[in-house]
Structure formats: C-alpha cells, structure tokens
Amino acid sequence: MFFENIPLACGSGGRLTCELIKEVFQSSFSNKFLNELEDAAVIDMPGSKIAFTTDSYVVNPLFFPGGDIGKIAVCGTVNDLSVKGAVPVAISCGFIIEEGLPLKILKEVVSSMKKAAAEANVKIVTGDTKVVERLKADKLFINTSGIGVVKKGIDVSQKRIKPGDLIIINGDLASHGIAVLNARNNLGIKGDIKSDCAPLNGLISYSIIPNGPSCMRDVTRGGLGMVLNEAASSCGYSIEIDENALPVSKPVKSACDMLGIDPLYAANEGKVAVFASEKNALKILSSMRKHKYGKRASIIGRVLPEKKAKVWLKTSIGAKRMVAMPEGEQLPRIC
Amino acid sequence: MTKAANYFEEKYWKDGSLAEKMLAELNSLAGSLGRKVNIMEVCGTHTMSIAASGIRNVLPDEINLISGPGCPVCVTSSGDIDRVLKLAELKKGGLIITTFGDMVKVPGSRKRTLNDVKISGSDIRVVYSPLDALKLASDKPGKEVVFIGVGFETTAPLIAATVKEAHSNKIKNFCVAPLFKLVPPALRYLLDTGIAKIDAFILPGHVSTVIGYKKYFFLADEYAVPGTIVGFEPIDILNGISIIIKQIKYNDPKLRVEYSRAVSADGNLTAVKLMEEVYGTYDAQWRAIGPIKDSGYIFSKKYEDFDAFNRFCVAPVETEEPKGCLCGKVLLGLAKPPACHHFGKSCTPQHAVGPCMVSAEGACAAWYKYGIEK
C-alpha cells in the first residue's frame, strides 16, 4: 500500500477500500466465508444455511431527501443479506453517539429505523449504546449486523456468473450519492433528487429469486462501476454494458454533468445488480417491473466470453472504452 | 467567422445514428487529406469527454487528438504547489486551507500533497465554492482562512466576486493564493514557439462562455490556424473535428462557434468587468513551460491585501519536475501518456508522480481510467 496513515479515500468503496480490506483485514482473518468478499457471508449450519453481514453508517448529514442514517442502517443490512438469497430474520444495532446530540434527533432516527424494519419485516433484536466526548465522533454513527436464512437450493454468487448472462439493474442510478452531496454541501440543486434508500428483500424474494439468478449484488458505495469490476474479477470474464441503457433520472444526470461526477461511480442505497441467463433474465425483468422498487428495471449489459475480467462500456457513439474500478472519492471538477 | 445554425438540440447530443453518419463523413474527408492532422483540445473537460466517449477509437487514423494545457491543476507549476504546501504547514491549527478537491492530491516537488499535510494535522478543507470559504472565515473570526485559487477564466470570476464581498464586508481573516491561468496567452505561446505541431484547436467551452469568442480571432487572423468552440457532448466534439478537417482540406482557417447555446462574442460581461476590477495580469509560471507573458491573474492594487502569499510571506520557490515524469511533455502535446515510463506502473491515480494523473481532468488520468491505447 502507498500510505502510512489512513486516507479518507479508504472509506469510499473504491480500489483503496479494496486494498485495505485485502491487505489488513483479509490477510489476518482469512477464512473460506470471508474470502468470498461478497455482501454477506453464507455459513453452513446444521440443517440450514445462514447469511451474516455487518455494516457501519456514518452519513453526513444525518437527514437528507429520501432518507436518513437510521433508514440506511436498516436497509443496507437487509439488502446485503437479501442479495445473497437470504430472508433477513434479525438485525442488531450499535449506536455511537456524540455527547450533546439532541434526544429529539436520536428519537427521529430510531423511529425511522422502526419504520424501515417493519417494511422489511425484520426484527431489531439486540443493540448497544456508547456515548463519546464531544468532537470524538460526528453526531451519530450506527452499526447494524444482520442474519438471514438461505433456503435450500438457493445459491447465488459471483463465481456462478457465466458468459452470456445478462445484467439487470432495478432502476435509476446515482440518486442517493447526488442527494447526499447536494444536502451536505448546500449545493442548492433543485429538482426531484431523492435518495433511493429502500429495503429490497421484497423485490428480491418475489421477483428475482424464483426466476433463477446467477448472482446479485447490492450496489452502494463505489457505484455500479465498482460492483461490476468486482464481479468481473471474481468470475474471470469481461462484462460489457451499454451507455444508452443505463437508467439515470434527468435531474440526477444534469447534476452529475454539472459537477463532473460519473453516475457509474456514485452511491446508491436501493439498487440491486442481477446477473442471470438470458432466459431467466427476461422473466426476472418482467417480474421486477411489477414491483414498486423495480418499475424502471432494465437490462444494461452482458457477460462476455472474453477472459480478461475487464468492464467495457459501449458509448453512445458506438465506441468502446473501459470502466475502471473507482480510485477513491469522486470530487467535483474545478471548471 | 460563420455561426452555425445546427442541429444541437439536446436530443441529438448522444445520437448513435447521427454519430455514425458523422464518422462516415469524417473517414472519407480524412482519407482525402493524405496526411495526419493534429488537433489539440485545451480544456480538461473536453479531454475527459473525448476519453469517456471513446472517440479516439472510432476516428480515422489521420486524425490525431492531442491534449494541451487545459487542466488547471496540471498546469500549476510544482514550485507553486510547494508554495501552497508551505502555506498549509504554517501555524498548524491556526490556518484553515480551503480548496477545490483536485488540489489535495497533487504532489509537490518532494512528493508531499495537501492530503499528506492534512493527515499530519493541518486543517485542510475541500469546498465547493470560494463563497463557502468566505462563510467559514466569517463564522470563525479567530482563524485565518486561505482559499487556493486554482483555475482558468472559469473560476477566476467567482473568486473575484468572493474577494470583492470580503472587501466590502471587511472580512479580514480571508485571503486567496492566486494561481489563476489564462487560456489565450497559452495558445499564443504554443503557436509562437512551434513547440508542438498543432494544425487546429478544439477551444474550451466553459472558458469561452466567460471571455467570449472574439478573444480567439487571432488564431486564424495571425496564425492561420482553425479553431472551433464546441460543447462537451460526443456529437459536439465530432462536429468540431469535422469542421476543422473541412477547413484544413479547403485551406480556409476560421474561428467557428459551435457552442452558441452558451458562448457569445463578448462573453459574460459581468464576469469580465469583475475580473478587470479585481485582477491584473502577470507572467505566470506554467508547469514544465515556465513563465508565459501576461498569462496569469494576481490581485489589483485595491485588493492586494487578499494575496495569501504576501500576507504570510511565502516567496516563490524554484523546483524541478519529478524525475522521469512526462507531464510537461503531455501538457504541451509532445507526448501521449503511455509514452511515460511511470504511466500505469509507478504512477496511478492512487499514487501519482505528476499532476496529469491526479487531476480528474488530467490527460494521464483520462487515458488510465478509460483504458485508452491509441
């Protein structure tokens, strides 16, 4: 690694995050479950398979259009379990609170968690609270872990991705990233820009799982660009996506153009990328479009027979270029 | 000068079948030239747009697109980066350095970046507007807030407005490190020295919006070099290239404005007036080039107290470019990024040797990120 002290970019979900995980955590904790490096680990238990995941949430601001830190803390963990084919059962929550946080804010966050958990039909069964001195944390950090049950016969993983598989995304990209950026920096960008934060377990269990996906990935930090690169490097095949097919809402697209941010790398909180054989993909697509979180689902690309593990984009003018793994945080351009 | 009445409504910006037609026409035009044509773009946003749309991969071999000194961070000399780092290390904790994001990752002559200085404890903050920096100064009267003023004629007016506001509101704890660069003097330098063989320019859209297209008449009038001001969509760029190739074929060099949805003859008069009030020109240092006559802005007499380098007595620094780094040649259009032996090996966006790999608008970053090979 090129750094001695942890740079902020290590938390951005891009190449640096990946390196930190591999070189510090995976090298120490290495085991067959962890080494899959997917959204949740699936562990064989006597008589069943259990999916297990954890995630910490450090969002600034705590509240933004379309969601808040509590909603994300529940949805994020529910989605990590769901994309591994699990039915989420229970989640834990750990709060790290900065001294002086108004109780009203904590109550609002908790109420939002309650609502999200009810929608996702999961129970928050255990928790922990720590309060740290002023300035030792930024208002409120939340960690949630979750367990889910994977029914017999369900096996979705990046290793199962095959050439010819189509790739589906359940709707518009980048809205969470832009909504938070807009709120955090008071950019004042008008228009309908709201986080897509949502629990996807309903969509996944009703529309996707019954139709036989090869793999599903929760598309969050680092965006679709990161997820596709991870998938390509795990399965070994290259992936081609079509720029014209990528769904991005008009206000988000305009904001991205203005700020110089690539929607392929911007964060989402309610998006699943589905890989499936052509036949299954068509069934999945039509079923997803009937669900409220899949109305704008579309096929965005396919897995190629090429064994280079690259991600290619067919551009609007018919040219081809690479989609690299994101390097770090995306910063708005200067001019 | 002819002004195009063309099909540049939004619906055409990414039209694949229109692109196909334009490329077919370009292929036959370029084939009839019988030689290679070097077209330089001098705007980082064009550099990224060209790379992201994959235009190079579909253009005929006769058309060679080269990137010029159009990335504001990249053209900042390493001596100026060292001055910024010196500022950032002054009075640790007492000074707040505010900057646009790209600058935090650019290495100075000793490979240190603002990010490194931040990790070691200096207060460095990325802002989205100089007005945010000014607000910070008025919110924290006990601290000195410095804004790193990097950019071309696009960012200079906003910073001028900010400084004017600080002046009229008597906000004394705010100042700016003036590192602004101007585009037309750099073009003139490139043509005067003949250092790179340039047949035509794709001229910057944003800068032209501010300064107006009249400022480029000298290209055709004095140097017989075609130039097109175009927007940033792939179709805009293809159209610009097509116009240039026709002008070369028929030996009819002109300035063409194909971005009339944003660019006027005299530009944004409010911005121009503001810059005239707040700044004066000087011979700015450009990376790997050295000083170019009247190519930078510093503060005018009335606003000279806002110059951070003067306020904190940080003198210009003489430095050398990083060893083996071709950023200088890349900026002048003399080398393409893969010609550098650091490229993609010891120089990546995570750990850059030169600024062209760091900046989101740098040519090396564009080639690396989009996997360009030719």
Side-chain angles (χ1 to χ4, degrees), chain A residues 1-10 12 14-20 181-182 184-189 225 238 242-244 246 250 253-254 257-262 264-265 308 310-335, chain B residues 13-20 22-23 43-45 48 51-59 70-73 100-105 115-116 118-120 126-129 132 150-155 204 206-207 232-235 238 348-351 359-361 365 368-372:
Chain A
M1 279 186 285
F2 291 120
F3 47 84
E4 286 173 13
N5 305 307
I6 306 290
L8 197 58
C10 272
S12 65
R15 190 189 296 271
L16 281 185
T17 311
C18 215
E19 277 188 15
L20 183 75
L181 194 67
N182 195 18
R184 181 185 305 158
N185 299 291
N186 296 315
L187 299 181
I189 298 170
S238 294
D242 184 348
E243 186 177 16
N244 288 336
L246 293 175
K250 208 168 170 194
K253 176 78 178 56
S254 303
D257 282 350
M258 196 171 79
L259 296 167
I261 283 177
D262 188 338
L264 272 178
Y265 299 127
K308 286 187 182 165
K310 297 257 188 206
V311 180
W312 301 107
L313 176 84
K314 196 177 143 214
T315 72
S316 63
I317 58 164
K320 196 167 121 175
R321 58 96 163 155
M322 197 176 84
V323 177
M325 194 177 266
E327 294 294 332
E329 302 152 276
Q330 287 204 90
L331 298 166
R333 63 157 158 259
I334 291 184
C335 76
Chain B
W13 289 353
K14 294 193 192 299
D15 185 326
S17 56
L18 181 57
E20 208 174 307
M22 291 173 113
L23 282 165
C43 166
T45 311
M48 292 315 277
S53 59
I55 285 181
R56 277 196 185 84
N57 298 334
V58 288
L59 281 180
C71 151
V73 169
F100 291 136
D102 266 5
M103 276 297 283
V104 297
K105 299 181 284 180
N115 231 347
D116 295 330
K118 181 185 174 193
I119 291 171
S120 324
V126 171
V127 292
Y128 289 69
S129 157
D132 295 343
V150 165
F152 291 110
E153 293 93 330
T154 41
T155 40
H206 298 142
V207 168
F232 300 95
E233 300 298 334
I235 293 287
L238 279 177
T348 64
Q350 286 174 47
H351 185 70
S359 169
E361 307 201 316
Y368 181 83
K369 180 176 174 191
Y370 297 116
I372 303 166

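Quick caveat: nothing in here was measured; it's all calculated off a predicted structure. Numbered from 1 within each chain, the chains take letters A, B, ... in sequence-line order.
With chain A as the partner, the residue from B/Pro234, B/Ser17, B/Pro349, B/Gly371 showing the most heavy-atom pairs under 4.5 Å is B/Pro349. Of the listed residues (B/Ala52, B/Ala19, B/Gly16, B/Ala51), the greatest number of heavy-atom pairs within a distance under 4.5 Å of chain A belongs to B/Ala52.
Residue B/Phe232 does not touch chain A at all, counting heavy-atom pairs closer than 4.5 Å. Looking at A/Leu187, the atoms closer than 4.5 Å to chain B (heavy atoms on both sides) all sit in the side chain, from C-beta outward.
Contact of the A/Glu4 side chain with the B/Asp116 side chain is not registered, since no non-hydrogen atoms from C-beta on lie closer than 4.5 Å. Looking at heavy atoms from C-beta onward, A/Leu313 lies out of side-chain contact with B/Tyr370 at the 4.5 angstrom threshold. Between A/Leu16 and B/Gln350, some side-chain heavy-atom pair lies under the 4.5 Å cut-off.
In this view, A/Lys253 and A/Asp257 satisfy the salt bridge (charged side-chain N to carboxylate O under 4.0 Å, His left out) rule, not counting sequence neighbours. Residues that satisfy the side-chain hydrogen bond (donor to acceptor under 3.5 Å, both in side chains) test with A/Asp242, not counting sequence neighbours, are absent from this structure.
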Audit row: A/Asn186, B/Tyr128, side-chain contact (heavy atoms from CB on, under 4.5 Å) steps and yes/no: CA-CA 9 Å; A/Asn186 296 315; B/Tyr128 289 69; over 6 Å; no

Audit row: B/Tyr368, A/Glu327, side-chain contact (heavy atoms from CB on, under 4.5 Å) steps and yes/no: CA-CA 11 Å; B/Tyr368 181 83; A/Glu327 294 294 332; 3.6 Å; yes

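Expressed to the nearest 0.5 Å, how far CG of A/Asn5 lies from OG of B/Ser120 amounts to 6.5 Å. For the atom pair A/Met322 CE and B/Ile372 CD1, the distance stands at 9.5 Å (nearest 0.5 Å). One finds the CD1 atom of B/Ile235 at 7.0 Å from the OG atom of A/Ser316 (value rounded to the nearest 0.5 Å).
Counting non-hydrogen atoms of other residues, nucleotides and ligands closer than 6.0 Å to NZ of A/Lys320 gives a total above 12.
Considering all non-hydrogen atoms of both residues, B/Ile55 and A/Ile317 come closest at CG1-CD1, 3.5 Å. The minimum heavy-atom distance between A/Ala319 and B/Val58, with the atom names listed, is CB-CG1, 3.7 Å. In terms of heavy atoms, B/Gly54 sits closest to A/Thr315 at N-CG2, 4.2 Å.
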